[in-house]
Amino acid sequence: MEPSKHYQEILQLGKKIVKLFDDPGDNDITLNWMSNYLAELLLKLEKEGDAAEKERLQKEVFDTIIQLWQNRKHFPPGHVPLGSMSNLLDVLRSFDDSDQDSYYWRRMRPFENSASWGEYLRALRNSIEQSLELTVSLVASLDILRKEQEWKEHIELLEEDEKKLVNWIDSVIDGGQSNEIVRIIVKHKGLDESEGEKSRIEKAFKKLRELHEEQGKRLDSFEKVYLARSILVPNKRRKKKS
């Protein structure tokens, strides 16, 4: 019997799962077992000539792929479909607010001045804004978006939240979305394409550390100035009566 279109889709899903697990440098025992087991089943099915045995293998392959797919959220870290963006939906919802300039730290700009506390506030706001951008660019880089976009081929097998995420990824890559998080991704798109993933990640974390170090320096200066002032201010507390 000729396999149905649905069966062919499941078979392609199985091959994609094998590819997902096919990492020579990964020493995860469970991962390697699942990859080898499914790969061997698919190879047996491809080579089997006996009609009855082929039909039995088709059912075993189908059941195995479905079982694996239903447990995809328990795949080892780094191998979960859409797993690299599993928490992004909440972030996306937070950026749906039409008032994109409502972030409270941006309201503090009038307080920024050359005084130690003003410089600390400026460093704090700058650190928050740039840290937010860098973190989003790490979680939702163009490379990651393109990788996760591939699951659109199996969109009918995805859960509703996963479908929303895949459709959102589609709209970002195709240029159909416009909000704060998209602006961040587009801003960092050039970095994604001009250098390797490892180099990009290393530079992002280096910048994050520099931002926090600068924030710490400004905080130290702020503290030093106000501790010095406290020495000059008389202690007006009443002495206790003996």
Side-chain angles (χ1 to χ4, degrees), residues 1-93 138-174 176-177 185 192-193 196-198 200-201:
M1 183 184 293
E2 189 69 22
S4 66
K5 182 182 177 182
H6 178 60
Y7 181 83
Q8 291 293 351
E9 289 174 357
I10 297 298
L11 198 61
Q12 290 305 312
L13 175 63
K15 291 177 180 178
K16 187 169 179 63
I17 290 174
V18 169
K19 186 179 177 182
L20 180 69
F21 292 163
D22 188 19
D23 184 356
D26 203 313
N27 296 318
D28 189 287
I29 296 173
T30 306
L31 187 72
N32 291 332
W33 179 85
M34 286 192 293
S35 176
N36 291 332
Y37 178 68
L38 183 54
E40 285 174 9
L41 270 181
L42 290 168
L43 187 61
K44 280 182 184 178
L45 177 61
E46 187 180 328
K47 291 185 174 181
E48 184 58 56
D50 181 75
E53 179 61 14
K54 194 175 188 75
E55 189 173 342
R56 187 194 69 78
L57 279 171
Q58 284 176 345
K59 185 179 185 309
E60 186 177 357
V61 165
F62 182 90
D63 291 344
T64 301
I65 294 170
I66 291 297
Q67 187 175 5
L68 280 171
W69 185 246
Q70 287 174 344
N71 289 281
R72 62 189 178 280
K73 292 182 180 178
H74 300 292
F75 286 177
H79 299 277
V80 180
L82 297 167
S84 60
M85 305 183 76
S86 59
N87 296 321
L88 193 60
L89 278 174
D90 289 335
V91 179
L92 295 178
R93 292 187 185 106
L138 284 167
V139 174
S141 72
L142 196 61
D143 285 342
I144 291 173
L145 291 179
R146 283 172 176 158
K147 179 183 174 184
E148 300 292 19
Q149 188 188 30
E150 294 176 5
W151 293 106
K152 187 183 178 182
E153 298 171 13
H154 310 286
I155 197 163
E156 295 306 319
L157 298 169
L158 298 175
E159 294 177 359
E160 285 307 311
D161 271 2
E162 293 171 326
K163 288 179 182 178
K164 288 178 184 176
L165 191 50
V166 168
N167 288 329
W168 179 84
I169 292 171
D170 244 11
S171 65
V172 171
I173 292 177
D174 294 341
Q177 273 275 355
I185 293 168
D192 290 354
E193 296 172 338
E197 181 74 358
K198 186 173 183 290
R200 185 184 69 80
I201 291 170

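Bear in mind that the values here come from a model prediction, so they are computed numbers and not experimental data.
Taking the salt bridge (charged side-chain N to carboxylate O under 4.0 Å, His left out) definition, one finds that Glu46 meets it with nothing, sequence neighbours left out. Taking Lys147 as the reference, nothing meets the side chain to side chain contact (heavy atoms under 4.5 Å, CB included) condition, with sequence neighbours excluded. Looking at residues two or more places apart in sequence or on another chain, you find a side chain to side chain contact (heavy atoms under 4.5 Å, CB included) between Lys44 and Leu57. For Asn167, there are no side chain to side chain donor-acceptor pair (under 3.5 Å) partners at least two apart in sequence or on another chain. Considering only residues two or more places apart in sequence or on other chains, Gln149 meets the side chain to side chain contact (heavy atoms under 4.5 Å, CB included) condition with Ile169, Asp170, Ile173. For Lys47, the side chain to side chain donor-acceptor pair (under 3.5 Å) test picks out no residue, with sequence neighbours left out. Taking Glu53 as the reference, Arg56 meet the side chain to side chain donor-acceptor pair (under 3.5 Å) condition, with sequence neighbours excluded.
Residues Leu42 and Leu11 have side chains in contact (heavy-atom distance under 4.5 Å, counting atoms from C-beta outward). Counting only heavy atoms from C-beta outward, the side chains of Leu165 and Leu158 never approach each other to under 4.5 Å. Side-chain atoms of Phe75 and Leu20, non-hydrogen and from C-beta on, do get closer than 4.5 Å to each other.
Under the 30°/60° scheme for interplanar angles, the aromatic rings of Trp33 and Tyr37 are found to lie parallel.
Remark: Phe21 CZ to Asn36 CG distance equals 11.0 Å, nearest 0.5 Å. Note: Glu40 CD to Leu43 CG = 8.0 Å, rounded to the nearest 0.5 Å. Considering OH of Tyr7 and CG of Leu13, their distance stands at 12.0 Å, rounded to 0.5 Å. Rounded to the nearest 0.5 angstrom, Ile17 CD1 and Ile65 CD1 are separated by 6.5 Å. Interatomic distance, Leu145 CG to Trp168 CH2, rounded to the nearest 0.5 Å: 5.5 Å.
Sorted by first and then second residue, the pairs that involve residues 7-16 and meet salt bridge (charged side-chain N to carboxylate O under 4.0 Å, His left out), not counting sequence neighbours, are Lys16-Glu150. Residue pairs satisfying the side chain to side chain donor-acceptor pair (under 3.5 Å) criterion with at least one member in residues 66-77, sequence neighbours excluded, are listed as follows: Arg72-Glu162, Lys73-Glu159.
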